[in-house]
Amino acid sequence: MPENNAIINIKNLRLRTFIGFNPEEQEKQQDVIINAEIHYPASHLCLTDHVEGALNYKTITKDMIALVEGGRFKLLEKLVSDVLDICCEHNSVTFAKVTIDKPHALRFADSVSLTLAKRKDA
């Protein structure tokens, strides 16, 4: 019998970091908004309310916060790639997608965002 596919969505995680290569961007932290989607097989254990069968999204989020708030990034691509790597660290993850918005990066736009996704072979 095939396993169910669990999908964890982390929505609008608002953090501050140094992002950009312009001098003013390297001196002042900016807001970023992270959205992540993480797929993993939902084993019988977690579907019967046993913690050991589930992926711990709190741990993943804490790792994201530590990376972003403690880091300095010139490119949005590097930041998104590093957060995506955190999402894919657990062996059971089969797919992950991360979008990070940089609000007010352009004068007449709400934000600029970048999305990266990774599929892991089973």
Side-chain angles (χ1 to χ4, degrees):
M1 179 168 112
E3 290 186 340
N4 294 322
N5 190 41
I7 301 171
I8 293 172
N9 287 291
I10 299 169
K11 297 182 181 184
N12 298 327
L13 178 61
R14 298 172 191 278
L15 303 172
R16 294 183 62 74
T17 193
F18 293 97
I19 179 80
F21 50 85
N22 294 320
E24 65 274 8
E25 293 174 313
Q26 293 180 5
E27 294 172 9
K28 183 179 174 189
Q29 286 187 318
Q30 297 179 65
D31 295 326
V32 292
I33 303 169
I34 299 173
N35 286 280
E37 178 180 315
I38 304 165
H39 296 226
Y40 73 101
S43 72
H44 173 71
L45 287 174
C46 71
L47 296 177
T48 56
D49 212 24
H50 288 86
V51 176
E52 63 272 9
L55 192 61
N56 189 336
Y57 55 81
K58 188 173 182 178
T59 301
I60 293 169
T61 304
K62 282 182 176 183
D63 290 347
M64 286 181 189
I65 293 168
L67 170 81
V68 174
E69 290 186 341
R72 289 181 169 268
F73 306 89
K74 290 182 181 172
L75 297 175
L76 189 56
E77 290 84 345
K78 174 63 172 158
L79 175 58
V80 176
S81 176
D82 288 355
V83 172
L84 182 61
D85 287 344
I86 288 171
C87 292
C88 292
E89 281 177 354
H90 196 278
N91 290 338
S92 66
V93 171
T94 58
F95 173 83
K97 179 171 79 170
V98 171
T99 300
I100 299 182
D101 284 83
K102 188 177 168 183
H104 314 296
L106 295 174
R107 184 172 176 196
F108 297 110
D110 291 338
S111 71
V112 171
S113 68
L114 183 88
T115 302
L116 291 174
K118 184 186 291 186
R119 184 169 312 280
K120 291 171 53 180
D121 293 329

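Note: hydrogens, waters and symmetry copies are ignored here, and every other heavy atom, side chains too, is used. As the structure is a computational prediction, the values presented were derived from the model and not from experiment.
Grouped by direct or indirect side-chain proximity (heavy atoms under 4.5 Å, Ile/Leu/Val/Met/Phe/Trp/Tyr only), Phe108 sits alone. Clustering of Ile, Leu, Val, Met, Phe, Trp and Tyr by side-chain heavy atoms under 4.5 Å joins Leu106 with Val112.
Under the rule for a salt bridge (Lys or Arg N to Asp or Glu O under 4.0 Å), the partners of Asp31 that lie at least two apart in sequence or sit in another chain are Arg16. Scored by the side chain to side chain contact (heavy atoms under 4.5 Å, CB included) test, Phe18 finds Gln29, Arg72 as partners (sequence neighbours excluded). Judged as a salt bridge (Lys or Arg N to Asp or Glu O under 4.0 Å), and not counting sequence neighbours, Arg119 has no contacts. Partners of Arg14 according to the side chain to side chain contact (heavy atoms under 4.5 Å, CB included) rule, which considers only residues two or more places apart in sequence or in another chain, are Asn12, Ile33. The side chain to side chain contact (heavy atoms under 4.5 Å, CB included) search around Asp110 returns none, not counting sequence neighbours. The salt bridge (Lys or Arg N to Asp or Glu O under 4.0 Å) test applied to Lys118 returns Asp85, not counting sequence neighbours. By the salt bridge (Lys or Arg N to Asp or Glu O under 4.0 Å) test, Lys78 is found to be paired with Asp82, residues two or more places apart in sequence or in another chain being considered. Among residues two or more places apart in sequence or in another chain, the ring pair (Phe, Tyr, Trp, His ring centres under 6.0 Å) test is passed with Phe95 by His39. Residues passing the side chain to side chain contact (heavy atoms under 4.5 Å, CB included) test with Lys28: none are found, sequence neighbours excluded.
Atom CG of Leu79 sits about 5.0 Å away from atom CD1 of Ile19, to the nearest 0.5 Å. Atom CD1 in Ile38 sits 6.5 Å away from atom CG in Leu55 (nearest 0.5 Å). Between Glu77 atom CD and Thr115 atom OG1 the span is 11.0 Å, to the nearest 0.5 Å.
Formation of a donor-acceptor pair under 3.5 Å by the Lys102 side chain with backbone atoms of Leu76 is not found in this model. Here the side chain of Glu37 pairs no donor or acceptor atom with the backbone of Asn9 at under 3.5 angstrom. Counting only distance, with no hydrogens or angles, the side chain of Ser113 and the backbone of Thr99 share no donor-acceptor pair below 3.5 Å. With Ser92 contributing its side chain and Tyr40 its backbone, the two residues share no donor-acceptor pair below 3.5 Å.
Contacts classified as side-chain hydrogen bond (donor to acceptor under 3.5 Å, both in side chains) and involving residues 58-71 (residues at least two apart or in different chains) are given here: Asn56-Thr59.
Linking Ile, Leu, Val, Met, Phe, Trp and Tyr whenever their side-chain heavy atoms come within less than 4.5 Å leaves Phe73 and Leu75 in two separate clusters. Linking Ile, Leu, Val, Met, Phe, Trp and Tyr whenever their side-chain heavy atoms come within less than 4.5 Å leaves Ile60 and Ile7 in two separate clusters.
Contact of the Leu67 side chain with the Val83 side chain is registered, since non-hydrogen atoms from C-beta on lie closer than 4.5 Å. Contact check for Thr17 versus Leu15: no side-chain heavy atoms found under the 4.5 Å cut-off. Within the 4.5 Å cutoff, no side-chain heavy atoms of Lys97 are placed close to those of Cys87. The side-chain heavy atoms of Thr94 and Asn5, taken from C-beta on, include a pair separated by under 4.5 Å.
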- Message: Show, in sequence, the C-alpha distance, side-chain angles and deciding distance for Ile100 and Ile34, and conclude whether the side-chain contact (heavy atoms from CB on, under 4.5 Å) test is met.
- Response: CA-CA 5 Å; Ile100 299 182; Ile34 299 173; 3.8 Å; yes
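When all heavy atoms are compared, the tightest approach of Met64 to Ala36 is CE-CB, 3.9 Å.
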